[in-house]
Amino acid sequence: MRLRHIPGSEEAIALSPYVVQEPEKQKGCWHNLFGNANPIAIEVGMGKGRFIMELAKENPDWNYIGIERYSSVLLRGLEKRKELELTNIWFLCIDAKNLADSFAGGEVKRIYLNFSDPWPKDRHAKRRLTSPDFLKVYDQILAGDGRLEFKTDNQGLFAYSMEAIPAAGWKILEHTDDLHHSPMARGNVMTEYEEKFSAQGNPIYKLIAGR
Ligand code: SAM
């Protein structure tokens, strides 16, 4: 997501009542923070967070954690958060490569990746959120019956992911090349990027994977 750096965003994030400041301390005990034993879903690279906040509104029996590495981007999401009365969502300003520092094995039931940066150059392939190193991290924190759900409008990144995910030992359980005209559209919640790209006429790709 292209966004200029907002001066003071790190300080604002550090003071935000909606952001967990030392997520490593919650490792293995996120349920205490939420105050219930509901399943936990995370969105990696949430951008401005509309998707995960909508899910939190729709599903009070789930707990949600939005993850975004850039403070300036997260700050924009937090503006929206202030308007909502929710008790089932927190935010982290961390890089996804460090997720296993903050979540214990099996602590997460669902991982959403939405419109992840495509990093089309081969030399940047390691930065793709469906690359083998990231899949290893998700494998560490996702429950045995947990699911990874990935949406994108980028054909190249989708084709790459359809190969990289099974190559890492995962199973593709469902997939579509045109989400909005497929049975997988039922209950679909649009992200900011999804709305923009589908308005331009781009098909949206989606896959669901498990191990
Ligand atoms: N998911 C949102 C949507 O669909 O509207 C935002 C998509 S935006 C293209 C991708 C976001 O992922 C950016 O905000 C970027 O900063 C974040 N991101 C990329 N790599 C990340 C990483 N390793 N850890 C955490 N966030 C990351």
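The model shown is predicted, which means the values in this text are computed figures rather than measured ones. In each ligand, atom 1 is the first atom listed, and ligand 1 is the first ligand listed.
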Open item on the list: Looking at ligand 1, would Met46 count as a contact under a 4.0 Å heavy-atom criterion?
Closed with: yes
Open item on the list: Using a 3.5 Å cut-off on N or O atoms only, is Asp95 in polar contact with ligand 1?
Closed with: yes
Task: Donor-acceptor contact present, side-chain Arg110 to main-chain Arg147, <3.5 Å - done: no
Open item on the list: Once you measure the plane-to-plane angle for Phe150 and Phe158, does it fall in the parallel (<30°), tilted (30-60°) or perpendicular (>60°) bin?
Closed with: parallel
- [ ] For Ile94, counting its heavy atoms only, list the atoms of ligand 1 lying under 4.0 Å from any of them.
- [x] 24 (N), 25 (C)
Open item on the list: Below the 3.5 angstrom mark, is there an N/O of Ser116, backbone or side chain, next to an N/O of ligand 1?
Closed with: no
Open item on the list: Show me which atoms of ligand 1 lie under 4.0 Å from any heavy atom of Gly47.
Closed with: 6 (C), 14 (O)
Open item on the list: For atom 27 (C) of ligand 1, tell me which residue out of Lys151, Arg69, Arg76, Lys48 has the closest non-hydrogen atom.
Closed with: Arg69
TODO: Under 4.0 Å from a heavy atom of Asn114: give me the atoms of ligand 1 that qualify, with their elements.
DONE: 1 (N), 2 (C), 4 (O), 7 (C)
TODO: Pull out every atom of ligand 1 sitting under 4.0 Å from any heavy atom of Leu129, numbered as shown with elements.
DONE: 23 (N)
Open item on the list: Check for me whether the distance between the ring centres of Tyr18 and Trp90 falls short of 6.0 Å.
Closed with: no
Open item on the list: Polar contacts were defined as any N/O atom of the residue lying under 3.5 Å from an N/O atom of the ligand; does this apply to Thr191 and ligand 1?
Closed with: yes
Task: Donor-acceptor side-chain pairing of Asn88 and Asn38 below 3.5 angstrom - done: no
Open item on the list: Suppose I only count heavy atoms of Glu43 and a 4.0 Å limit; which atoms of ligand 1 are within that range?
Closed with: 1 (N)
TODO: Would you check if there is a donor-acceptor pair between the side chains of Glu194 and His180 at a distance under 3.5 Å?
DONE: yes
- [ ] Without swapping roles, check the side chain of Arg81 against the backbone of Leu84 for a donor-acceptor pair under 3.5 Å.
- [x] yes
Task: Sub-3.5 Å N/O-N/O distance, Val44 and ligand 1 - done: no
Donor-acceptor list for residues 201-211 side chains, cut-off 3.5 Å, not counting sequence neighbours:
{"from": "Asn202", "atom 1": "ND2", "to": "Asp153", "atom 2": "OD2", "distance (Å)": "3.3"}
{"from": "Lys206", "atom 1": "NZ", "to": "Glu149", "atom 2": "OE1", "distance (Å)": "2.8"}
{"from": "Arg211", "atom 1": "NE", "to": "Asp139", "atom 2": "OD1", "distance (Å)": "2.6"}
{"from": "Arg211", "atom 1": "NH1", "to": "Ala143", "atom 2": "O", "distance (Å)": "2.9"}
{"from": "Arg211", "atom 1": "NH2", "to": "Asp139", "atom 2": "O", "distance (Å)": "3.1"}
{"from": "Arg211", "atom 1": "NH2", "to": "Asp139", "atom 2": "OD1", "distance (Å)": "3.1"}
{"from": "Arg211", "atom 1": "NH2", "to": "Leu142", "atom 2": "O", "distance (Å)": "3.0"}

Open item on the list: Any nitrogen or oxygen of Ile67 lying under 3.5 Å from a nitrogen or oxygen in ligand 1? Just yes or no.
Closed with: no
Open item on the list: With heavy-atom distances below 4.0 Å as the criterion, list the atoms of ligand 1 near Tyr70.
Closed with: 16 (O)
Open item on the list: I want to confirm something. Looking only at heavy atoms, which of Asp117, Leu92, Val73 is nearest to atom 19 (C) of ligand 1?
Closed with: Asp117
Task: Check against salt bridge (Lys or Arg N to Asp or Glu O under 4.0 Å), Glu192 and Lys80 - done: CA-CA 13 Å; Glu192 274 100 352; Lys80 232 175 302 170; 2.7 Å; yes
TODO: Please could you name the atoms of ligand 1 that Glu192 approaches to less than 4.0 Å, counting only its heavy atoms?
DONE: 5 (O)
Task: Side-chain donor/acceptor of Gln140 to backbone N/O of Gly106, under 3.5 Å - done: no
Task: ligand 1 to Glu68 polar contact by distance, N or O atoms, under 3.5 Å - done: yes
Which atom pairs, one a donor and one an acceptor, fall under 3.5 Å between side chains of residues 160-176 and the rest of the protein, sequence neighbours left out?
{"from": "Ser161", "atom 1": "OG", "to": "Thr130", "atom 2": "OG1", "distance (Å)": "2.8"}
{"from": "Ser161", "atom 1": "OG", "to": "Leu157", "atom 2": "O", "distance (Å)": "2.6"}
{"from": "Thr176", "atom 1": "OG1", "to": "Asp178", "atom 2": "N", "distance (Å)": "2.9"}

TODO: Give a yes or no on whether Asp61 atom CG has more than 12 heavy-atom contacts from other residues, nucleotides or ligands under 6.0 Å away.
DONE: yes
Task: Proximal ligand 1 atoms for Phe115, defined as those under 4.0 Å from one of its heavy atoms - done: 4 (O), 7 (C), 8 (S), 9 (C), 10 (C)
